[in-house]
Engineer: 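What follows is a single structure, and I will ask about it in a moment.
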Amino acid sequence: MASASTREAREKYELKQKAVKFYDENGVPKKMEEILNSMFYDNPDDVYGHLANYFAHFAKTPLISQVSSRHGFDSKGQTTVQTDMYCTVRNDKKLSASIVSSSTNSSLPENTKPEDREEEDKSHEAAVEAAIALLNGDINTRLQGVDPGLQSDVDNILMKLYNELKAEEDERLAKEAAELAASGGDGGSPVKEEEASISGKKGGKSSAKDGGQTVQNKKKGGKSVTVVVVPDDPKEKLLPGAGSVCVASRAACTAAATVKDIPLYQHIAALRFGETPKDMRLPIPMVTVIQSGRSAPGKLNCVKEFMVVPKPGMPLAESLKYCQKIYNYVTKNFVTKSGMAAQYGNDIGALCPSYDKPEQGLDILQDAITSLELTPGEDFFIALNLAGKEIFDYDPSSAPAKSDFPGQGMHKEKGKYEVMGGQQKVPEDLVEFWVELLGRYPSVIAIIDPMRKQEKEHWMRLCDKISDRCLVIGNHAYPRPGLLLEEELTEEFKTSGIVLKLDQLNTVSDILDCAIKMEEADNQIVLTTCYGETTDTFLADMAVGMNARFFKIGAPVRGERIAQFNRLIQIENQLKLEGRLAYHGENVFPHIAPPPLPEPEEGEEASQEEEKKEDKNKKK
């Protein structure tokens with residue numbers, strides 16, 4: 001009995017020593033003493049809540065424990081991806097982020113044939129399935145144990161995984177091609193050979209040698225003008241499920257803000273600036289009222305979106321009220337002239353009237369602004385999304401031309417932009433078209449994609465003439481942010497703004513880094529959404545956190561966009577209560593001048609002089 005008692009006492013003593021060592025190593029007695037002494041003087045209402053908050057500061061960093069994904073639906077009724085991210089927070093597994101991603105814009109033109117659209121829908125479904133499989137599989141495995149607050153680490157893991165999968169797919173395709181060649185089949189891909197023949201050299205000069213086609217177009221007066229048609233850059237081929245990278249990146253960003261118990265916009269601001277800035281600015285909304293383009297009724301092709309933009313410094317809640325009133329004014333005007341059907345909007349809520357000239361849309365917006373006792377060009381401005389890439393006819397058989405006579409097509413020439421049904425312009429004439437129109441409407445302060453990037457010379461010529469009073473913003477003129485970060489900006493092609501979109505293979509880090517790069521090049525940042533939106537408000541927080549100047553969101557109707565507006569109003573109120581609300585300064589328009597012309601080679605100078613003399617004689 002004595003021996004058992006002695007052994008029990010020794011074991012108890014050893015256990016106490018281990019406990020003392022355990023608590024000492026973790027500093028528990030010292031921390032307990034500190035909080036108990038200070039809490040008496042603090043006299044908190046909730047004693048145990050005070051203790052919990054104190055010890056929470058010493059808890060381990062929350063880490064990602066699980067990524068779970070499933071099907072969801074976007075505003076167009078298409079399937080999309082819903083993703084939950086769980087983190088281990090103070091020994092408990094907690095839901096820290098829930099993301100419902102928007103669907104990526106279709107790669108097909110809006111006037112695509114139904115059978116082609118069906119094929120696109122099948123590809124979309126396959127991409128969603130692949131994204132869900134990746135999120136529940138490899139992404140879930142690789143992100144376990146990672147700190148969601150280390151956004152660049154998360155995004156690097158995601159991109160490394162994607163690049164590995166891409167390399168495997170390329171290897172598989174190469175192996176199949178080799179086996180086909182060995183079996184006596186045609187080892188070359190007709191499709192790829194055709195793409196190579198029309199794609200030209202990426203970023204090359206405008207010459208037929210670089211894959212362009214030389215076309216003779218006749219101008220008024222019978223003079224023939226040689227136009228070199230430079231094809232679009234080959235489209236980046238993404239793996240099915242590439243959108244999972246963006247989804248996981250957003251989920252980690254949201255989870256980090258949740259576990260830190262701070263607003264999402266504040267966390268994004270810390271990522272963008274290294275620390276949370278004292279004052280924060282809300283973006284200026286670019287609100288779409290009217291949409292036109294090739295898919296809309298009427299002959300107007302050259303303006304895809306007519307947008308209104310409030311002046312800098314106007315409180316967001318006030319400016320959105322005005323945007324709503326402008327939208328309602330235009331709606332009533334259409335109903336009065338064309339009946340109730342004219343009030344129906346498209347997928348982004350925009351009105352689609354039967355317009356034949358851009359002046360019609362500009363005039364009604366100016367009338368709407370004036371009806372509110374506001375001054376166009378002072379209190380409210382206009383922005384135009386011209387989507388030049390969509391109205392360019394590289395191949396005259398690519399799309400039927402509109403005609404005044406039903407059932408009849410109209411002759412279309414290569415290398416021209418169809419600004420209106422039956423009215424086509426070469427890049428040189430398109431420059432003059434926009435210069436003349438914008439000169440009559442000084443209230444227009446921004447245009448997006450006035451033409452393709454491939455017309456660098458004419459793009460820069462247009463900038464030279466209008467950039468002092470109007471922002472020239474690039475959207476499709478630039479590759480996705482991840483690729484743009486690897487490109488060097490040159491004097492041959494410049495913009496005063498860029499549209500950034502968080503989708504597909506774009507990560508939060510890509511968007512923030514690209515914004516920094518483009519701001520250093522005197523570009524204003526426009527953050528925009530996809531057409532297949534959801535009520536997820538991540539982008540509203542991101543626009544505030546990254547200090548984007550403009551937020552292009554669509555029309556001021558329907559829940560998926562109103563949710564973004566309401567979130568911005570909520571953020572505005574929070575910042576105002578904290579005394580941290582600031583506003584963007586007045587609009588600034590940096591002049592963009594074309595690069596210096598190269599000195600003419602021998603023989604060219606004499607040829608240019610002869611051409612000048614010929615022109616003078618013809619004029620006489």
Engineer: Is it true that Asp510 and Thr507 share a donor-acceptor pair across their side chains at a distance under 3.5 Å?
Structural biologist: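 Judged by distance alone, the side chains do pair up.
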Engineer: Going through the distances and angles, do Ile382 and Val309 end up as a side-chain contact (heavy atoms from CB on, under 4.5 Å)?
Structural biologist: CA-CA 6 Å; Ile382 297 174; Val309 184; over 6 Å; no
Engineer: Check whether any side-chain heavy atom of Leu300 lies under 4.5 Å from a side-chain heavy atom of Lys357, and answer yes or no.
Structural biologist: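 No, too far: nothing below the 4.5 Å cut-off.
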Engineer: Above 12 or not: heavy atoms from other molecules or residues under 6.0 Å from NZ of Lys93?
Structural biologist: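 Correct, the count exceeds 12.
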Engineer: Counting N and O atoms only, with roles assigned by atom type, does the side chain of Gln504 sit under 3.5 Å from a partner on the main chain of Gly241, one being a donor and the other an acceptor?
Structural biologist: no
Engineer: So, taking the atom named CG in Leu271 and the one named CE in Met542, what distance separates them when rounded to the nearest 0.5 Å?
Structural biologist: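 Here the rounded value is 9.0 Å.
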Engineer: Is any side-chain heavy atom of Leu351 closer than 4.5 Å to a side-chain heavy atom of Phe334?
Structural biologist: yes
Engineer: Looking at Tyr329 and Ser371, what are the two nearest heavy atoms and their distance?
Structural biologist: CD1-OG, 3.5 Å
Engineer: Is there a donor-acceptor pair closer than 3.5 Å between any side-chain N or O of Asn475 and the backbone N or O of Ile498?
Structural biologist: no
Engineer: I'd like to know if the side chain of Asp449 reaches the main chain of Leu386, judged simply by a donor and an acceptor atom lying under 3.5 Å from each other, with no hydrogens or angles considered.
Structural biologist: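 Flag not set: sc Asp449 to bb Leu386 has no pair under 3.5 Å.
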Engineer: Test your reading of the model: is there a side-chain donor-acceptor pair from Arg580 to the backbone of Met280, 3.5 Å cut-off?
Structural biologist: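 No; judged by distance alone, with no hydrogens or angles, the pair does not exist.
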Engineer: Measuring from Asp155:CG to Leu512:CG, what's the distance to the nearest 0.5 Å?
Structural biologist: 9.0 Å
Engineer: Verify the neighbour count for atom CG of Asp92: are there more than 12 heavy atoms of other residues, nucleotides or ligands below 6.0 Å?
Structural biologist: yes
Engineer: Would you mind reporting whether Pro148 and Cys87 have side-chain heavy atoms less than 4.5 Å apart?
Structural biologist: yes
Engineer: Is the closest basic N to carboxylate O distance between Asp541 and Arg567 below 4.0 Å?
Structural biologist: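 Salt bridge between Asp541 and Arg567, a charged N being under 4.0 Å from a carboxylate O: yes.
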Engineer: Got a donor-acceptor contact below 3.5 angstrom from the Asp503 side chain to the Gly243 backbone?
Structural biologist: no
Engineer: What pair of heavy atoms forms the shortest contact from Arg561 to Gly349, and how long is it?
Structural biologist: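 Closest pair (atom of Arg561, atom of Gly349, distance): NH2-N, 3.4 Å.
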Engineer: Apply salt bridge (Lys or Arg N to Asp or Glu O under 4.0 Å) to Glu305 and Lys552, showing your working.
Structural biologist: CA-CA 11 Å; Glu305 291 178 86; Lys552 183 177 174 292; 2.9 Å; yes
Engineer: For the backbone of Ile592 and the side chain of Ser467, can you confirm whether one donor and one acceptor N or O come within less than 3.5 Å of each other?
Structural biologist: yes
Engineer: Could you work out, with salt bridge (charged side-chain N to carboxylate O under 4.0 Å, His left out) as the rule, every residue matching Glu359, not counting sequence neighbours?
Structural biologist: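 Glu359 satisfies salt bridge (charged side-chain N to carboxylate O under 4.0 Å, His left out) with Arg440 only.
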Engineer: Between Thr80 and Asp74, does the side chain to side chain donor-acceptor pair (under 3.5 Å) criterion hold? Intermediate values first, please.
Structural biologist: CA-CA 6 Å; Thr80 187; Asp74 64 17; 5.6 Å; no
Engineer: Can you confirm whether more than 12 heavy atoms, excluding those of Glu578, are under 6.0 Å from its CD atom?
Structural biologist: yes
Engineer: List the steps, then state whether side chain to side chain donor-acceptor pair (under 3.5 Å) holds for Tyr265 with Gln574.
Structural biologist: CA-CA 11 Å; Tyr265 63 84; Gln574 289 175 347; 3.1 Å; yes
Engineer: Would you check if Phe589 and Ile445 make a side-chain contact, meaning some heavy-atom pair closer than 4.5 Å?
Structural biologist: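 Sidechains of Ile445 and Phe589: in contact.
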Engineer: Tell me every residue that passes side chain to side chain contact (heavy atoms under 4.5 Å, CB included) with Lys325, counting only those two or more places apart in sequence or in another chain.
Structural biologist: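 Result, side chain to side chain contact (heavy atoms under 4.5 Å, CB included) vs Lys325: Leu372.
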Engineer: Whether the side chain of His124 engages the backbone of Ser103 through a donor-acceptor N/O pair (distance < 3.5 Å, no angle test) should be reported.
Structural biologist: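 Checked: no pair found.
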Engineer: Counting only heavy atoms from other residues, nucleotides and ligands, does the tally under 6.0 Å from CD of Glu275 exceed 12?
Structural biologist: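 At most 12 heavy atoms, drawn from other residues, nucleotides or ligands, come within 6.0 Å of this atom.
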Engineer: Taking all heavy atoms of Met85 and all of Ala255, pick out the closest pair and write down the distance.
Structural biologist: SD-CB, 4.0 Å
Engineer: Are the side chain of Glu572 and the backbone of Ala317 linked by a donor-acceptor contact shorter than 3.5 Å?
Structural biologist: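 Yes, Glu572 side chain to Ala317 backbone: donor-acceptor pair under 3.5 Å.
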Engineer: May I ask you to say whether Arg70 pairs ionically with Asp84, meaning some side-chain N is under 4.0 Å from a carboxylate O?
Structural biologist: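 Yes, Arg70 and Asp84 are salt-bridged.
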Engineer: To check you understand the geometry: which heavy-atom pair defines the closest contact between Trp434 and Pro450, and what is its length?
Structural biologist: NE1-O, 3.7 Å
Engineer: Kindly compute the distance separating OG (Ser319) from CZ (Phe565), expressed to the nearest 0.5 Å.
Structural biologist: 9.0 Å
Engineer: Would you say Ser249 and Gln151 are linked by a side-chain donor-acceptor pair, where the criterion is simply a distance under 3.5 Å?
Structural biologist: yes
Engineer: Going through the distances and angles, do Leu282 and Tyr583 end up as a side-chain contact (heavy atoms from CB on, under 4.5 Å)?
Structural biologist: CA-CA 7 Å; Leu282 271 75; Tyr583 295 99; over 6 Å; no
Engineer: Tell me, with the steps shown, if Glu129 and His71 meet side chain to side chain donor-acceptor pair (under 3.5 Å).
Structural biologist: CA-CA 8 Å; Glu129 294 290 345; His71 288 90; 2.9 Å; yes
Engineer: Indicate yes or no: at least one non-hydrogen side-chain atom of Thr535 is less than 4.5 angstrom from one of Val100.
Structural biologist: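 Contact flag for Thr535/Val100 side chains = no.
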Engineer: Both conditions, 6.0 Å and 45 degrees, for the charged tip of Arg250 above the ring of Phe538: are they met here?
Structural biologist: yes
Engineer: Identify the heavy atoms of Pro556 and Cys323 that sit nearest to each other, and give their distance.
Structural biologist: CG-O, 4.1 Å
Engineer: Please evaluate residues Ser98 and Gln82 with respect to the criterion side chain to side chain donor-acceptor pair (under 3.5 Å), reporting the C-alpha separation (whole Å), side-chain torsions for both, the decisive distance (0.1 Å), and the verdict.
Structural biologist: CA-CA 7 Å; Ser98 187; Gln82 291 189 69; 5.6 Å; no
Engineer: When rounded to the nearest 0.5 angstrom, what is the spacing between CG in Asp147 and CD1 in Ile64?
Structural biologist: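 Between Asp147 CG and Ile64 CD1, I get 8.0 Å after rounding to 0.5 Å.
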Engineer: Taking everything shown except Tyr322 itself, do over 12 heavy atoms lie less than 6.0 Å from its OH?
Structural biologist: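 Not buried by this count: 12 neighbours or fewer within 6.0 Å.
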Engineer: Taking atom NZ of Lys321 as the centre, report whether more than 12 heavy atoms of other residues, nucleotides or ligands fall under 6.0 Å from it.
Structural biologist: no
Engineer: State plainly whether the residues Glu378 and Lys311 are in salt-bridge range, i.e. N to O under 4.0 Å.
Structural biologist: no
Engineer: Quick check against the 3.5 Å criterion: does Asn53 have a side-chain atom that pairs as donor or acceptor with the backbone of Gly49?
Structural biologist: yes
Engineer: Assess the residue pair Gln366 and Ser443 against the criterion (side-chain contact (heavy atoms from CB on, under 4.5 Å)); give the C-alpha distance rounded to whole Å, side-chain angles, the decisive distance to 0.1 Å, and a yes or no.
Structural biologist: CA-CA 8 Å; Gln366 293 196 149; Ser443 57; 2.6 Å; yes
Engineer: Got Ile139 and Ser244 here, is their nearest side-chain heavy-atom distance under 4.5 Å?
Structural biologist: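 Yes, close enough: below the 4.5 Å cut-off.
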Engineer: For the pair Val154 and Val146, evaluate side-chain contact (heavy atoms from CB on, under 4.5 Å) and give the outcome as yes or no after the intermediate values.
Structural biologist: CA-CA 7 Å; Val154 171; Val146 177; 3.9 Å; yes
Engineer: Quick one: are Val526 and Leu500 in side-chain contact, heavy atoms under 4.5 Å?
Structural biologist: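 Side chain of Val526 against side chain of Leu500, heavy atoms only: no contact under 4.5 Å found.
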Engineer: From Ile348 CD1 over to Thr529 OG1, what is the distance, rounded to the nearest 0.5 angstrom?
Structural biologist: 8.0 Å
Engineer: What closest approach, in Å, do Leu568 and Ala540 show between heavy atoms, and which atom pair accounts for it?
Structural biologist: CD2-O, 3.7 Å
Engineer: Answer yes or no: is there a donor N or O on one side and an acceptor on the other, between the side chain of Ser96 and the main chain of Thr258, under 3.5 Å?
Structural biologist: no
Engineer: Taking the side chain as every heavy atom from C-beta outward, state whether Leu143 and Ile157 have any atom pair closer than 4.5 Å.
Structural biologist: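 Answer yes - side chains close enough.
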Engineer: Charged N to carboxylate O under 4.0 angstrom, Lys76 versus Glu560?
Structural biologist: no
Engineer: Please round to the nearest 0.5 Å and tell me the distance separating atom CD1 of Ile284 and atom CZ of Phe550.
Structural biologist: 5.0 Å
